[in-house]
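Numbering starts at 1 and runs along the sequence shown.
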Amino acid sequence: MERFTNDRDEFFNQVKIELSTITSPKGISGRFTYLEIPYFMRYGFSVSGFEENASELLVKSWDAEYDWNRFKTGVFNLDRLAIHEHTIVLSQAEVNTLNVLLAKELCLVECKGITLDGYYCQYSTNAEKLNWNTNYELNGNMTALIDFLRGKVNEVLE
């Protein structure tokens, strides 16, 4: 039986779940996953890297425009979201860049102020999970990593 809701928060949470649930090929362990969804929900994506295949990234993207047009009445079908998967093959130089970025200290910094229309962002590994809602909360190393991942995702989605 399909699940329907008119609760925007429940819809938002389902998009997060679908983008962040990574089904890797058998035997391949996850290295990291980065998830990004603006609070205005105009797009969403996740990008994941795997230990055994460092030259590929798995991107899951949400076709927000399609779903908003389908759910104009405000009733969302939580079991039929428009989520697409893409594989990005990295060059050896990109693999090296990614490895250098992942080896650095990746952390959040204190951000004084409020954010009115930020993002829901999450970076997770087996060892840690970081959540933030504005780029000002990232240290320089984390900023470089996120910029790299966003750039690779943009190449696929544009």
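Cluster partners of Phe4 are Val75, counting Ile, Leu, Val, Met, Phe, Trp and Tyr whose side-chain heavy atoms approach within less than 4.5 Å, directly or via other members. Taking Ile, Leu, Val, Met, Phe, Trp and Tyr as hydrophobic and joining them when side-chain heavy atoms fall under 4.5 Å apart, one finds Ile17 isolated, its cluster having no other members. Here Tyr120 is tied into one hydrophobic group with Phe11, Phe12, Val15, Leu19, Leu35, Ile37, Tyr39, Met41, Trp62, Trp68, Phe71, Phe76, Leu78, Leu81, Ile83, each link being a pair of ILVMFWY side chains closer than 4.5 Å. Members clustered with Tyr66: none, using a 4.5 Å side-chain heavy-atom cutoff among hydrophobic residues.
Side-chain heavy atoms closer than 4.5 Å link hydrophobic residues (I, L, V, M, F, W, Y) into clusters, and following such links, even through other members, never connects Leu58 to Leu145. One hydrophobic cluster, built from ILVMFWY side chains closer than 4.5 Å, holds both Leu90 and Phe45. Hydrophobic clustering of Ile, Leu, Val, Met, Phe, Trp and Tyr side chains at less than 4.5 Å, counting indirect connections, unites Val47 with Leu130. By the criterion of side-chain heavy atoms lying less than 4.5 angstrom apart, applied directly or through intervening Ile, Leu, Val, Met, Phe, Trp or Tyr residues, Tyr119 is grouped together with Phe148 in one hydrophobic cluster. If you chain together hydrophobic residues whose side chains sit under 4.5 Å apart, Tyr34 and Tyr136 never meet in one group.
For Glu18 and Gln14, the side-chain atoms include at least one donor-acceptor pair closer than 3.5 Å. If you check the side chains of Glu128 and Tyr123, you find no donor sitting under 3.5 Å from an acceptor.
Thr33 is linked by a side chain to side chain donor-acceptor pair (under 3.5 Å) to Ser48, counting only residues two or more places apart in sequence or in another chain. Contacts of Arg8 classified as side chain to side chain donor-acceptor pair (under 3.5 Å), with partners at least two apart in sequence or in another chain: none. By the side-chain contact (heavy atoms from CB on, under 4.5 Å) test, Asn154 pairs with Glu158, sequence neighbours left out. Taking the side chain to side chain donor-acceptor pair (under 3.5 Å) definition, one finds that Asn6 meets it with nothing, sequence neighbours left out. Applying the salt bridge (charged side-chain N to carboxylate O under 4.0 Å, His left out) rule to Lys152 yields the partners Glu94, Glu155; only residues at least two apart in sequence or on another chain are considered. Not counting sequence neighbours, the partners of Glu56 by the side chain to side chain donor-acceptor pair (under 3.5 Å) test are Asn53. Under the rule for a salt bridge (charged side-chain N to carboxylate O under 4.0 Å, His left out), the partners of Asp79 that lie at least two apart in sequence or sit in another chain are Arg3.
Looking at Asp67, its side chain does come within 3.5 Å of a backbone N or O of Ala82 through a donor-acceptor pair.
Here the closest heavy-atom approach between residue Glu2 and residue Asn77 is recorded as OE1-ND2, 2.8 Å. In terms of heavy atoms, Arg150 sits closest to Cys121 at NH2-SG, 4.3 Å. Residues Phe50 and Gly30 approach most closely at CD2-CA, 3.8 Å, considering heavy atoms.
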Which atom pairs, one a donor and one an acceptor, fall under 3.5 Å between side chains of residues 99-114 and the rest of the protein, sequence neighbours left out?
| from | atom 1 | to | atom 2 | distance (Å) |
| --- | --- | --- | --- | --- |
| Asn99 | OD1 | Arg31 | NH1 | 2.9 |
| Asn99 | OD1 | Arg31 | NH2 | 2.7 |
| Asn99 | ND2 | Val95 | O | 3.3 |

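Ring-plane geometry between His86 and His84 is classed as tilted, the angle between the planes lying from 30 to 60 degrees on a 0 to 90 degree scale.
Atoms OG1 and NZ, on Thr21 and Lys16 in that order, are 11.5 Å from each other to the nearest 0.5 Å.
With a 4.5 Å cut-off on side-chain heavy atoms, Leu98 and Phe32 count as touching.
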